[in-house]
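Report on the structure given below.
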Number of protein chains: 2
Amino acid sequence: MKPFQNISVYLGVEENNVIKEQHPMQETLDQRLTERNIKPTAVRLLVLKAFMAQEAAIGLADLENRFDHADKTTLYRTLKTFEEHKLIHSIDDGTGALKYALCQETCDCTPEDLHVHFLCTVCNKTFCLNDTPIPQINLPTDFSLDSVNMVVKGLCSDCR
Amino acid sequence: MKPFQNISVYLGVEENNVIKEQHPMQETLDQRLTERNIKPTAVRLLVLKAFMAQEAAIGLADLENRFDHADKTTLYRTLKTFEEHKLIHSIDDGTGALKYALCQETCDCTPEDLHVHFLCTVCNKTFCLNDTPIPQINLPTDFSLDSVNMVVKGLCSDCR
DNA sequence: GCACTTTTGCAACCCGGTTGCATAGGCTCC
DNA sequence: GGAGCCTATGCAACCGGGTTGCAAAAGTGC
């Protein structure tokens, strides 16, 4: 079977001869994509599903491992597309590989949407601390502020 | 002439038949290295000199460009050596290439020595804001804090 | 001068990210 | 329902920053 020929197989909808009404899960996934003007393709639905299934941020390598039948480039471009359309945002946690996490539904990726990211030094997972806004800082005079990246390292609740 | 056979040439000390008293600049460079238990070699003195000559942080590529007769690996290891001995600290400003900046003389690279780094989005230079300590943040319960990386982007005093 | 350690230089590799290009799939219009 | 078009996907190859192995050169102690 060629990859992705039948979306429903991959999304877990039962296959019958007759096309049944859409699975409720897929419906929300679909919505989430179309809301952001992203065409819902098989790979995209799968990737979005992965994001919605877990709290921790996801990197390209994670996706490659999870979907070993999907191509690296496709996954890469899927992430880029999602990012462009502000469905996810990228996180540089200093580990050398970018990770991505779902934006909040109301997110517009403006400075007000910025938040602290947390990297657990044991499990190496990265989380958005959506409730932890980045504190204000005082820059030297003559410096103007644009954006801030703040990554906190430590132990997450599972690892301490 | 083989590279680095005669340190003084590279450090700008006049060459005579008789070895003259050390150049005052080289003396301080020497001191700075030996203080941190680093043997003062030609390359190391040169690299340290580069760090002391400018405020902005320096990356491996910068050094490669500046000293085109020196090998990338040597410069790389020089940076590593300096970092190990806490003469410089590394800065991940999100540009994809690590940069390094001189530690303050009193620095021990403990959490208290952490400070905010500033990346100018125009000239792409990175600075230590040594007088801007990283503000405290409130983590969710059950998260423990280890270290914090905070990079501010904006316009530096030269570029605005 | 000789043996030993450290530093330097060269080559090659690794890994994450990225691009070019050809093919496959889906859509429209007639 | 077939032709043409646009988009998404897959494959291969590349790029840049960082890193390692190994041999030659330089420095050190005797």
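Below, chain A is the first sequence line, B the second, and so on; all start at residue 1.
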Check the distance between [N]'s [atom2] and [X]'s [atom1] and give it to me in whole angstrom.
X	N	atom1	atom2	answer
A:Asp71	C:dT23	CG	P	16 Å
B:Leu33	C:dT7	CG	C1'	14 Å
B:Leu79	D:dG17	CG	C1'	13 Å
B:Leu46	C:dG9	CG	P	11 Å
B:Lys80	C:dT7	NZ	P	16 Å
B:Glu84	C:dT7	CD	P	11 Å
B:Asp92	D:dG17	CG	P	14 Å
A:Ile91	C:dG17	CD1	P	13 Å

Subject >> Side-chain donor-acceptor contact under 3.5 Å, B:Lys99 with B:Thr126 >> reply: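 Distance-only check passes for B:Lys99 and B:Thr126.
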**OP:** Would you please say whether a donor-acceptor pair under 3.5 Å links the side chains of A:Thr73 and A:Asp71?
**Re:**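 There is such a pair between these side chains.
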Original post:
Would the A:Phe82 and A:Tyr100 ring centres measure less than 6.0 Å apart?
Top reply: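 Between A:Tyr100 and A:Phe82, which both carry aromatic rings, the centre distance is not below 6.0 Å.
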Original post:
Looking at residues at least two apart in the chain, or sitting in another chain, which of them share a side-chain hydrogen bond (donor to acceptor under 3.5 Å, both in side chains) with B:Ser157?
Top reply: none
**OP:** Quick one: label B:Gly59 by what it contacts on the DNA or RNA (base, sugar-phosphate, nothing), any heavy atom closer than 4.0 Å.
**Re:** nothing
**OP:** Have a look at B:Lys39 and say if it touches a base, only the backbone sugar-phosphate, or nothing, with a 4.0 Å heavy-atom cut-off.
**Re:** sugar-phosphate
Original post:
In terms of the nearest nucleotide of DNA chain D, which residue is placed more toward the 5' end: B:Tyr100 or A:Arg44?
Top reply: A:Arg44
**OP:** For B:Arg77 and for A:Thr73, locate the closest nucleotide of DNA chain C by heavy-atom distance; then report the residue assigned to the nucleotide nearer the 5' terminus.
**Re:** B:Arg77
Subject >> Selection from D:dG18, D:dT9, C:dG9 that lies nearest to any side-chain heavy atom of B:Leu60 >> reply: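 Closest nucleotide among those given: D:dG18.
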Original post:
So, is B:Thr41 near the phosphate of D:dG27, with a side-chain N or O under 4.0 Å from OP1 or OP2?
Top reply: no
Original post:
So does A:Tyr76 get a side-chain nitrogen or oxygen closer than 4.0 Å to the phosphate oxygens (OP1/OP2) of C:dG17?
Top reply: no
**OP:** Indicate, yes or no, whether a donor-acceptor pair under 3.5 Å links the base of D:dG18 to the side chain of B:Lys72.
**Re:** yes
Original post:
Should B:Glu55 and B:Lys125 count as an ion pair when the cut-off is N to O under 4.0 Å?
Top reply: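 Answer for the salt bridge query: no.
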